[in-house]
Amino acid sequence: MAGLISRKFVPQGQRGVSDVLTMAFMFLLVIFSGVLLHAYGLDAISSATDRQLQMKAEYFYKTLELAQVENYSLSYFEAVAENLIGVTKPVVPGDNIREGICNLLAYLHPDGYGVKVELNYENSFWVQMYLFDLPLELKQELQQEQISDRLRENFKQHGYEISEQAEIRSINTKEWDIIDGERTYVVKEHNKQLNVFFENYTSSLGWPDSTATQFTFSGKVTIIIAEASEEERVAQIDATLTLFRR
Amino acid sequence: MLAAFLVIVFISLLVSAYTHYQVVLSTAGLVDTASSITNQLVLNSLAYESGGNVMEYVIDPDKAASLECREEIGGENFEFQFSIFYNWENEMIMGPYGPAPPEGREISAVSVPVVLYWNDRFEPAKLQVRVWRA
């Protein structure tokens, strides 16, 4: 009735415009509600995936806590703890345990996620990070010790910037350091891939920053130190494992 | 006429969104079930026992072959298949254990780091579990 009355007083041309506008509005409303309705509940999958990643962080931590270093009886965390505390003769030499943890991080990391292992005792830190993989085609550029645009772009894709001043240093035929100011990225070839790591033994890092998606599991590693010069003592080291995506 | 058409479109969208929502819930449920079955395997069914103590997170491969790969969770039946990957330098695989996943069915796969009790040593390994509705 109201429509009939209003139409009676609205000129023909104007009525057409208002009808088109109403139709367009209704059409947009239907599309918008369709998108909203389909988006509803989508976070149920991401929540389930997040719960799974938290579980993976816990399992990763427990693996480093319980699994033994190749050719030794100590676990990975126990071996790091000995080195961190600075016992006179650690069972596993520092270089061996660094190498062992690098290999393990590259092997066990969840697809698309980096892994950070951090142990600290008083003011001493041990931080090792697996960051991402590079395509094997970049090996030639690493061998030539040249930072190409392609290498720089690959780092950028994973959220890491390499400055113009950065340089490459070959360690051996399968390992290179990319030195960028105070940061040194370690690139290691393994299993037809180039794994990129970050290592630091002097301080805790700001990485991964707060913008990264993170899943963390923490605990304490307890070891008994029995050195000839002193009585047995118990040391507790804080350990944290973080899975992250930038 | 146009209003009726828009109402029909809206109702169709509502039905489609409801179906989509059911698929999302079903997928999320399957992902959670895969986590739950993995936890059950690592902390209980496959856990290595030493001197009467269960060592959580440590897998005993001797238990793998005899395990029934079927679980009832929340009134639904699920089947699963699992494999153990170890020796990072030259990767070896134990398994797969359990039935092969059916084709065309929704499957959730999860891979977690674990410790494998092998040759009297605790070795780092990966456990991969694939779960589907029976």
Side-chain angles (χ1 to χ4, degrees), chain A residues 19-20 22-23 25-27 29-76 100-101 103-111 115 190-191 241, chain B residues 2-3 5-36 38-39 42-43 48 55-59 85-91 108-118 120-127:
Chain A
D19 282 351
V20 168
T22 309
M23 280 188 296
F25 178 71
M26 286 173 74
F27 187 68
L29 205 64
V30 167
I31 290 176
F32 183 64
S33 57
V35 171
L36 272 185
L37 284 168
H38 279 83
Y40 180 70
L42 267 185
D43 60 341
I45 294 178
S46 62
S47 299
T49 313
D50 286 355
R51 283 191 288 277
Q52 205 165 76
L53 280 157
Q54 186 56 48
M55 181 180 89
K56 287 182 185 186
E58 177 186 338
Y59 279 36
F60 213 137
Y61 178 97
K62 291 293 177 182
T63 301
L64 289 166
E65 187 181 62
L66 298 169
Q68 293 168 309
V69 182
E70 201 175 356
N71 302 325
Y72 294 96
S73 60
L74 287 186
S75 79
Y76 284 84
I101 288 184
N103 294 331
L104 214 53
L105 298 187
Y107 181 57
L108 296 177
H109 75 90
D111 283 345
V115 190
H190 174 250
N191 212 8
L241 185 132
Chain B
L2 186 79
F5 172 72
L6 285 173
V7 167
I8 291 166
V9 169
F10 185 73
I11 290 170
S12 309
L13 275 174
L14 213 56
V15 172
S16 153
Y18 179 74
T19 314
H20 178 69
Y21 181 62
Q22 291 301 315
V23 172
V24 166
L25 280 191
S26 156
T27 307
L30 194 59
V31 172
D32 275 336
T33 304
S35 305
S36 172
T38 306
N39 261 326
V42 178
L43 306 181
Y48 173 68
M55 290 189 74
E56 294 179 337
Y57 308 98
V58 181
I59 283 181
F85 299 77
Y86 64 106
N87 194 8
W88 66 270
E89 269 179 304
N90 184 20
E91 193 173 62
S108 178
V110 57
S111 175
V112 291
V114 287
V115 182
L116 176 70
Y117 184 69
W118 183 243
D120 292 330
R121 285 187 56 82
F122 297 106
E123 301 282 350
K126 286 191 280 194
L127 174 72

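So you know, we letter chains A, B, ... as the sequences are listed, proteins then strands, and number each from 1. Source: prediction; values computed, not measured.
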Point to revise | Heavy-atom donor-acceptor pair, B:Lys126 side chain to A:Tyr107 backbone, under 3.5 Å | key: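 Yes: the side chain of B:Lys126 pairs with the backbone of A:Tyr107.
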Exercise for review: Indicate yes or no for a side-chain donor-acceptor contact from B:Arg121 to the backbone of A:Tyr72 under 3.5 Å, with no hydrogens or angles considered.
Suggested key: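 It does hold such a pair.
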Scan the side chains in residues 22-32 of chain B for donor-acceptor partners under 3.5 Å anywhere in the protein, sequence neighbours excluded, and list what turns up.
from: B:Gln22; atom 1: NE2; to: B:Tyr18; atom 2: OH; distance (Å): 3.3
from: B:Ser26; atom 1: OG; to: B:Glu106; atom 2: OE1; distance (Å): 3.4
from: B:Ser26; atom 1: OG; to: B:Arg133; atom 2: NH1; distance (Å): 3.2
from: B:Thr27; atom 1: OG1; to: B:Val23; atom 2: O; distance (Å): 2.8
from: B:Thr27; atom 1: OG1; to: B:Glu106; atom 2: OE2; distance (Å): 2.6
from: B:Asp32; atom 1: OD1; to: A:Arg51; atom 2: NE; distance (Å): 3.1
from: B:Asp32; atom 1: OD1; to: A:Arg51; atom 2: NH2; distance (Å): 3.3
from: B:Asp32; atom 1: OD2; to: A:Arg51; atom 2: NH2; distance (Å): 2.6

Practice item. Output the distance between atom CD (A:Gln52) and atom CG (B:Asn39), rounded to the nearest 0.5 Å. Key: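 Going from CD on A:Gln52 over to CG on B:Asn39, the span is 10.0 Å.
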Practice item. Would you mind checking which part of B:Thr38 comes under 4.5 Å of any heavy atom in chain A, side chain (CB onward), backbone (N, CA, C, O), both or neither? Key: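 Contact with chain A involves both backbone and side-chain atoms of B:Thr38.
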Review point. Checking heavy atoms, do the side chain of A:Tyr61, its backbone, both or neither come under 4.5 Å from chain B?
Key: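 A:Tyr61 has no heavy atom closer than 4.5 Å to chain B.
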Review point. Of the backbone (N, CA, C, O) and the side chain (C-beta and beyond), which part of A:Met55 lies under 4.5 Å from a heavy atom of chain B, both, or neither?
Key: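 Just the side chain, heavy atoms under 4.5 Å.
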Exercise for review: Any chance you could measure A:Thr63, atom OG1, to B:Leu127, atom CG, to the nearest 0.5 Å?
Suggested key: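 One gets 10.5 Å once the value is rounded to the nearest 0.5 Å.
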Practice item. Look up atom CD in A:Glu70 and atom CH2 in B:Trp88, then write down how far apart they are to the nearest 0.5 Å. Key: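 With rounding to 0.5 Å, CD (A:Glu70) is 7.0 Å from CH2 (B:Trp88).
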**Study point:** Contacting moiety of B:Asn90, where chain A heavy atoms sit under 4.5 Å
**Key:**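 The answer is neither part of B:Asn90.
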Practice item. Would you sort out whether B:Phe10 and A:Ser33 count as a side chain to side chain contact (heavy atoms under 4.5 Å, CB included), showing the intermediate values? Key: CA-CA 8 Å; B:Phe10 185 73; A:Ser33 57; 3.3 Å; yes
**Study point:** chain A contact via B:Tyr117 - which portion, at a heavy-atom distance below 4.5 Å
**Key:**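 For B:Tyr117, neither part sits under 4.5 Å from chain A.
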Exercise for review: Give, for atom CD of A:Glu65 and atom OH of B:Tyr57, the distance between the pair rounded to the nearest 0.5 Å.
Suggested key: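 Nearest 0.5 Å value for the CD-OH distance: 9.0 Å.
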Point to revise | Segment of A:His109 engaging chain B (4.5 angstrom heavy-atom cut-off) | key: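 For A:His109, no heavy atom lies under 4.5 Å from chain B.
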**Study point:** chain A contact via B:Leu14 - side chain, backbone, both or neither, heavy atoms under 4.5 Å
**Key:**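 Both backbone and side chain of B:Leu14 come within 4.5 Å of chain A.
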**Study point:** Min side-chain heavy-atom separation B:Val110-A:Lys56 under 4.5 Å
**Key:**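 The answer is yes, as the side chains (C-beta and beyond) meet within the 4.5 Å cut-off.
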**Study point:** Segment of A:Leu104 engaging chain B (4.5 angstrom heavy-atom cut-off)
**Key:**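 Interface part for A:Leu104: side chain.
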Exercise for review: Compare every heavy atom of A:Tyr59 with every heavy atom of B:Pro113, then report the nearest pair and how far apart it is.
Suggested key: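 Nearest heavy atoms, B:Pro113 then A:Tyr59: O-CB, 3.3 Å.
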Review point. So what's closer than 4.5 Å to chain A heavy atoms on B:Ser12: side chain, backbone, both or neither?
Key: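 The answer is neither part of B:Ser12.
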